[in-house]
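In what follows, a structure is listed as structure tokens, so that the remarks can point back to it.
To find a chain, count down the sequence lines: A is the first, B the second, and so on, and within it residues start at 1.
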There are 2 protein chains.
Amino acid sequence: MTRALTRKGEATRARIVAGAAAEIRERGVDEVRLEDVMAHTGTSKGQLFHYFPDGKEELLLAVAEHEADQVLIDQEPMLSNLTSWPAWLAWRDRLIERYLAQGVKCPLNGLLGQTGRRAPGAQAIVTGLMVRWQKAIAEGIRHMQSTDDIASDLDADRAAAALLAGIQGGVLLLLSTGKIDHLEAVLDLTIDSLRAGARTA
Amino acid sequence: MTRALTRKGEATRARIVAGAAAEIRERGVDEVRLEDVMAHTGTSKGQLFHYFPDGKEELLLAVAEHEADQVLIDQEPMLSNLTSWPAWLAWRDRLIERYLAQGVKCPLNGLLGQTGRRAPGAQAIVTGLMVRWQKAIAEGIRHMQSTDDIASDLDADRAAAALLAGIQGGVLLLLSTGKIDHLEAVLDLTIDSLRAGARTA
DNA sequence: ACAAATTTGGACCTGCAAGTCCAGAAACCG
DNA sequence: CGGTTTCTGGACTTGCAGGTCCAAATTTGT
């Protein structure tokens, strides 16, 4: 489908996606007009529809993919190395720092609900992101189980699911209330609870 | 401001709000046109702008208030009576049952992000809902502390914040993935963790 | 019952943003 | 190079949804 793209063409396409993503993070999906993207990226309408023949929907999908990847990349290398309690705390700190910095300008806000409604494929992207995210957390839990830092009878996937949900909710509440407290509380209490489990078993 | 409303007028206004809320739950905020609301509630454009002079934005705000109240009402009487472990589980079951039933048609989905962006006042409504919700949970925790079912040195507000975040994330993931697993995991693990705290202290 | 107020219906206006189209510039490739 | 493809710019079309307006119907209060 997407064949015959000159080097210059790919650059332009990437510029459009990145610019649109930034714009959407800043002002929300339904506040961003194609005209805004054009102005912000120095492109014309012809270009937009050249690279995204299906128009806004296709562009939104590309943006969603871009943002979904970014969410996980932003947590590296911590997320893939949850191999000790200090490592877990480093990941925790990264999350807090990251979301505190971006505040209301959250990529997820653009993806969830909004993009999800419009583009049917966006649903799949969000789901994919969540699956990958949860797997990474579960992986970390299993590693801690292998070193007896977490009780081995704990259901790693279930615990990861709970933690992931907590994070999502924490971010959601950050968006609603502007306070990071919920995210902090979830991370601290959940991680503490994982630690406590070791003593139990 | 909203003065001089005949009985009939109030009925019509209520019908519009309820109908719009239903429509939004079903298809999402930005998929619902005023025309849809008119069709669904048997009203005319003149009526819409008679009761909501500021148009869609004002209507959306009214819907947001309506839905926010409903969210808490749906959890009663359990939410206000978290006075024993069976009561907590009953509340848990109600939540699961409720969200499982409505699936993707979630009032919050209409409120969060979407309405929040458009109407500035909607942000306040969501925040207010969350505050009330969290207070109710914290109240329950404090009651359990008063009967020594939960360790008294636990920070009730912080724990309530974490649990609330977990619920929100669980619902969010239900919307994204269609599975209730995350919400279940959060509720079970968090409540278990509260129980475990009693033995510690 | 009658005047004043609300309530209702629906035709009309308007602006805007997505999408179309095409011609000219630039890049690619043998 | 020269032909072909890709890329770019921007004027134009289109549809639609929000909002305006006003006259007729109904209700209200005394």
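The heavy-atom pair separating A:Met144 from A:Thr147 by the smallest distance is O-OG1, 3.1 Å.
Listed pair B:Thr6 / C:dT7 meets the phosphate criterion, a side-chain N or O lying under 4.0 Å from OP1 or OP2. Look at B:Gln47 and you won't find any side-chain N or O under 4.0 angstrom from OP1 or OP2 of C:dT7. Listed pair A:Tyr51 / D:dT8 meets the phosphate criterion, a side-chain N or O lying under 4.0 Å from OP1 or OP2. OP1 or OP2 of D:dT8 sits under 4.0 Å from a side-chain N or O of A:Thr12.
A 4.5 Å side-chain heavy-atom check between A:Leu173 and B:Gln168 finds at least one atom pair inside the cut-off.
At most 12 non-hydrogen atoms from other residues, nucleotides or ligands lie less than 6.0 angstrom from CD of A:Glu35.
Judged by atom type and distance alone, B:Lys45 reaches the base of D:dG18 through a side-chain donor-acceptor pair under 3.5 Å. Put simply, the side chain of B:Lys56 and the base of D:dG19 share no donor and acceptor less than 3.5 Å apart.
For B:Asp54 and D:dT20, the CG to C1' distance is 14 Å, given to the nearest whole Å. Nucleotide C:dT6 holds its P atom 16 Å from the CZ atom of B:Arg13, rounded to whole Å. The CZ atom of B:Phe52 sits 12 Å away from the P atom of C:dT7 (whole-angstrom rounding). Whole-Å rounding puts the A:Leu48 CG to C:dT20 P distance at 13 Å. At whole-Å resolution of the value, CD in B:Glu35 and C1' in D:dC16 are 9 Å apart.
Mapping A:Phe49 and A:Arg33 onto DNA chain C by nearest heavy atom places A:Arg33 at the nucleotide closer to the 5' end.
Between A:Trp88 and A:Trp85, the ring-plane angle classifies as tilted under the 30° and 60° cut-offs.
Taking the side chain of A:Leu34 as heavy atoms from C-beta on, and the options C:dG19, C:dT8, D:dA17, the nearest nucleotide is C:dG19. The A:His50 side chain lies nearest to D:dC7 when the options are D:dT26, D:dC7, D:dG10.
Among the atoms of the strands shown, only primed sugar atoms or phosphate atoms (P, OP1, OP2) are found under 4.0 Å from some heavy atom of A:Gly55.
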